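Encoded as structure tokens, the structure appears first; notes follow it.
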Amino acid sequence: MIIKVSIINVPINSAFDYLVPEELERKIRVGQLITAPFNTYLAYGVVIELNVPHSVFELLPIRSICQDEPYVSKEMVSVALSVSDHFLCPISKLIEMTLPTRFSEFAEFEYSLLNAQWVERKSQIEQQILLFINGKGVVNGNKIEKQFPTVKTKPILSMLVKANLLQRAPRLPKAVARTKYVKTAAIAISRQTFYEHENDLGKTPVTNERRRMALEYLFDEGIPVAVNWVYASSGCNKADLDELADREYIVLSEVEIFRDPLERVNHRSLGYGQPADLTSDAAAKETLQVMLDSQAKSSDIKPSFLYQKSDQKSSDSVYLRVVENAINEGRSAMVLAPEMAFTPKLVRLFSLKFPGLVGLFHSGMSNGEKYDTWMRVYSGKIKIIVGTMSALFLPINDLGVIILEECHDSSYRSAFSPIFDSIYVAEKLKKQFNTLNIYSSQTLPIELLYKEKYNISDQKTGLLKLLPSLPTAFETDLEIKLIDMRLELKTGNRDVLSRGLQESLRQSLANGEQAILFLNRRGDSTYVFCRDCGQSLRCENCDSVLVEHKMENSRSTMLLCHSCGFNMIKPEKCPKCDSKSIQSYGLGVEKLEEKCKGLFPTARILRWDLDSAKSEVLDELALVHFANHSADILIGTQMMAKKYQFPQVTTIGLVLADVGLSLPDPFVNERIFQLYYEIIHLAGKQAKTRVYIQTFQPENELLRLITNIEPAEFFGWEVQNRFRLNLPPFCSLINLEYHHSDQNSAKYDAYQIAGVLRSKLSAIGDEKAEVIGPVPAYTNIKNPFAGWRILLKNVKIEMIKELDLGQGWKIDVDPITI
DNA sequence: AGCACGCCGACT
DNA sequence: GTCGGCGTGCTC
């Protein structure tokens with residue numbers, strides 16, 4: 001039999017065919033971990049297909065099957081293959097994601113002496129190495145390296161192998177993470193025996209006393225205790241315990257322990273825990289009923305639900321009920337959040353109702369924690385997985401529900417290889433396990449809403465259904481003002497805070513209420529605009545916004561168009577109105593904090609940016625701090641979006657809403673709308689909240705729509721934009737990005753590939769397909785020409801496969817940003 | 001990733 | 001004339 005194997009820990013795109021020795025043919029199954037000769041060494045691989053047709057190669061047989069029961073289910077293998085196929089990422093990388101933990105990075109070799117009488121005239125170091133190996137019998141390559149740290153041992157060893165003095169054999173490295181054990185000690189004698197021997201425990205009185213103390217302590221405990229505790233409480237050491245064990249006074253053993261990542265989850269709650277009673281929320285109640293009905297029906301293709309959230313508490317209740325239903329049916333659930341920081345509240349929500357059944361999984365956990373959680377999922381102990389997108393490939397049995405919280409978030413798509421999309425994976429899982437899928441958000445993605453509206457079912461998303469079916473009216477008492485900062489300037493206020501916002505802050509503080517100031521940092525000072533006419537500088541050819549680049553070897557600043565490659569030296573005057581107040585606009589969080597301190601010296605100000613949100617703990621502390629009203633003004637960047645709700649907040653200021661508005665990216669409108677919508681909704685729903693959106697371009701249509709905060713209206717507008725510009729959902733996109741240290745060859749290679757694609761497309765007469773570029777990629781500020789980008793519209797993925805792009809190319813299928 | 005192969009410059 | 005630098009390309 002010939003099988004297809006994905007070799008793991010080898011960064012290659014293809015899988016390899018192997019023969020199965022006759023004696024293994026009955027045992028071989030898809031998903032099994034096997035070992036096979038690869039190149040010059042032995043490697044691990046996962047079986048991804050059986051009974052492969054004969055290929056032209058001279059095939060090698062696999063060496064062994066590592067375990068009979070596959071680590072990876074055939075369903076998971078199928079999902080991994082689909083993802084690899086659609087997003088064109090290496091199958092080995094996806095298979096690795098399905099495995100318990102990374103297996104050791106490198107192939108290892110072990111060496112043994114082949115010829116006992118080594119030649120005397122060998123150099124001294126060679127003799128030393130041979131002596132070392134002779135002393136040990138069989139030695140691991142890296143042990144030899146450690147023994148001779150000053151020498152490069154690998155070439156010497158290779159030479160000795162060639163000279164027939166050494167034998168080299170490939171050795172499989174052990175998995176990095178494994179079950180953790182802790183050594184324990186327990187008393188094994190009676191008090192009586194103890195008293196008989198308490199004075200002859202050691203040779204010296206000091207030793208005797210240490211051992212006596214240890215025994216005393218173990219008597220007190222009565223049960224097996226971790227040896228570390230014994231050391232700590234009695235001052236004894238390992239030798240003492242070994243001696244006592246030899247005399248059979250105590251019993252040493254090992255206990256498997258479970259590294260619980262949930263230990264660190266802070267169970268102080270920010271108003272979470274008690275789910276809302278749904279009887280008062282008609283929309284949520286109806287939503288839940290539809291979902292439960294869908295869960296009950298087992299056959300047919302079910303839609304995935306787009307859940308238009310209006311209120312966090314109601315949606316939590318919906319999740320709880322849906323998950324409960326799955327658990328009752330003996331199935332399990334997967335609840336994902338876009339970022340690690342959002343997982344604690346989900347853990348809290350579910351572990352209150354299902355203690356012991358919840359497991360957390362995200363990339364921030366240690367290898368050991370991940371390994372243990374993986375094993376507990378594999379063995380069926382964990383029924384509810386809370387985590388980020390890396391949890392999608394956990395070996396969960398009989399999956400019943402998949403929930404993606406805040407499904408619009410860009411973190412649901414990996415930024416680096418393998419680049420893929422969580423919703424795509426969720427759809428594939430649904431196909432395999434017949435799950436109920438819920439994609440939930442306050443601001444649902446345009447593309448999904450569009451497909452739902454026109455009943456478009458494709459490979460990417462399947463069939464979608466929007467719930468609640470009736471759009472929820474906006475209930476919060478909000479007063480939103482768009483502030484023209486040009487007018488502020490003209491009337492003499494050069495401050496970053498408008499008079500209206502200052503007055504509102506003053507009022508909130510006077511009433512003992514709270515305020516949030518938001519500063520969008522994206523595109524920090526990289527774009528240039530005129531303070532008088534409010535216009536950003538745009539490309540002469542294609543009207544895209546020009547982006548500022550400080551050139552390394554020059555004092556002048558370059559403006560660069562990322563759509564067509566046009567560039568110019570930054571002018572001194574605004575080309576439109578001749579004003580000299582043309583500048584790149586950047587305002588730091590620190591600066592804003594100072595400003596506020598100056599204006600409101602008595603207010604307690606809390607800054608929340610990258611520095612203060614480094615760790616989960618600090619992050620949570622800051623929030624609790626603010627929620628408890630230990631601070632009056634919260635200043636933050638986009639990371640505070642969609643966190644929690646703060647009922648005492650009555651003023652929200654978007655300090656400079658323009659930032660990021662005009663980034664050269666076709667998806668920027670949607671991202672800004674989602675972000676600002678989230679920020680505005682940080683306010684609770686108890687008091688009237690005043691929102692100030694400060695801008696230099698109040699006529700901007702997007703800002704007007706944000707001020708209206710009517711998602712349906714924004715949807716209509718943006719769908720028209722997408723149609724006009726022929727963007728998703730009206731076309732498919734593939735973004736190719738190429739990076740090379742050498743500017744010229746980067747450009748040359750990119751142009752060459754674009755040329756090949758164009759001629760291929762015209763050869764087959766594909767009129768819908770389009771090749772745009774290459775243009776400089778917006779990734780490297782210092783050296784903007786090092787990266788080049790080609791955007792493909794309606795080009796079939798098979799065509800890219802045929803190109804077989806080499807190193808340096810990044811392939812982004814269905815990109816969400818370019 | 002790890003290794004072989006192969007093409008150029010430094011040294012016996 | 002040979003050793004060894006690492007640039008390129010292959011692994012069933």
Side-chain angles (χ1 to χ4, degrees), chain A residues 1-22 24-25 28 30 32-66 77 81 84 89-97 99 101-111 122-123 125-126 140-142 144-145 151-163 166-176 416-418 738-742 744-746 748-749 752 801 803-809:
Chain A
M1 191 201 286
I2 301 171
I3 55 168
K4 209 172 267 303
V5 173
S6 169
I7 303 290
I8 55 177
N9 285 317
V10 180
I12 42 182
N13 297 282
S14 50
F16 294 83
D17 291 350
Y18 281 94
L19 287 169
V20 181
E22 221 166 283
L24 294 180
E25 250 181 41
I28 197 85
V30 167
Q32 272 169 336
L33 189 66
I34 56 108
T35 65
F38 188 75
N39 206 344
T40 50
Y41 48 95
L42 200 63
Y44 283 112
V46 170
V47 182
I48 56 172
E49 202 184 328
L50 298 179
N51 296 312
V52 177
H54 205 293
S55 62
V56 283
F57 274 105
E58 199 180 313
L59 299 175
L60 291 177
I62 61 164
R63 185 71 59 85
S64 67
I65 295 173
C66 299
V77 170
L81 284 168
S84 163
C89 37
I91 180 66
S92 61
K93 289 223 171 161
L94 291 159
I95 290 293
E96 271 177 47
M97 298 190 72
L99 288 170
T101 185
R102 292 179 69 87
F103 287 82
S104 180
E105 300 285 326
F106 307 104
E108 291 174 5
F109 290 101
E110 53 189 23
Y111 296 87
K122 289 282 169 200
S123 76
I125 180 69
E126 286 164 352
N140 220 338
N142 54 28
I144 303 173
E145 255 171 70
V151 200
K152 274 192 178 177
T153 53
K154 255 190 189 158
I156 299 176
L157 289 166
S158 298
M159 209 206 73
L160 291 171
V161 169
K162 267 189 188 163
L166 280 182
Q167 185 180 349
R168 173 159 69 181
R171 208 191 80 108
L172 264 185
K174 290 203 179 88
V176 174
F416 301 102
S417 173
Y738 183 63
H739 285 266
H740 198 282
S741 48
D742 176 30
N744 294 326
S745 90
Y748 176 81
D749 289 358
Q752 185 141 29
K801 252 182 227 172
L803 282 178
D804 198 24
L805 296 170
Q807 272 216 325
W809 283 95

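Model, not experiment: these values are computed from the prediction. Proteins get letters first, then strands, A, B, ... in listed order; numbering begins at 1 in each.
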What pairs of nitrogen or oxygen atoms, one from the protein and one from nucleotides 6-10 of chain C, lie under 3.5 Å apart?
none

Subject >> Residues forming a side-chain contact (heavy atoms from CB on, under 4.5 Å) with A/S6, sequence neighbours excluded >> reply: A/I48, A/I91, A/S92, A/I95
Original post:
Could you give all pairs that pass the salt bridge (charged side-chain N to carboxylate O under 4.0 Å, His left out) test and reach residues 3-15 of chain A, with sequence neighbours left out?
Top reply: A/K4-A/D17
**OP:** In whole angstrom, give the distance that lies between atom CD1 of A/I2 and atom P of C/dC12.
**Re:** 14 Å
Original post:
Whole Å only: how far is the CD1 atom of A/I91 from the C1' atom of C/dT11?
Top reply: 18 Å
Original post:
Reckon A/Y18 touches a base, only the sugar-phosphate, or nothing at all at heavy-atom distances under 4.0 Å?
Top reply: sugar-phosphate
**OP:** Please state how far atom CG in A/D17 lies from atom P in C/dT11, giving the value in whole angstrom units.
**Re:** 12 Å
Subject >> Listed partners of A/L60 passing side-chain contact (heavy atoms from CB on, under 4.5 Å), at least two apart >> reply: A/Y18, A/P37
Subject >> Nearest-angstrom distance from the residue atom CD1 of A/I7 to P of C/dC12 >> reply: 8 Å
Subject >> Rounded distance (Å) that lies between atom C1' of B/dG2 and atom CZ of A/F16 >> reply: 13 Å
Subject >> side-chain contact (heavy atoms from CB on, under 4.5 Å) involving A/L24 - partner list, sequence neighbours excluded >> reply: A/V20, A/P21, A/I62, A/I65
Original post:
OH of A/Y44 versus C1' of B/dA1: gap in Å, rounded?
Top reply: 16 Å
Subject >> CG-CD1 distance between A/L59 and A/I2, expressed to the nearest 0.5 angstrom >> reply: 5.0 Å
Original post:
Can you tell me how far C1' of B/dG2 sits from CD1 of A/I8, to the nearest Å?
Top reply: 16 Å
Original post:
In whole Å, what is the span from the CZ atom of A/F38 to the P atom of B/dC3?
Top reply: 12 Å
Original post:
By salt bridge (Lys or Arg N to Asp or Glu O under 4.0 Å), which residues pair with A/D749, not counting sequence neighbours?
Top reply: none
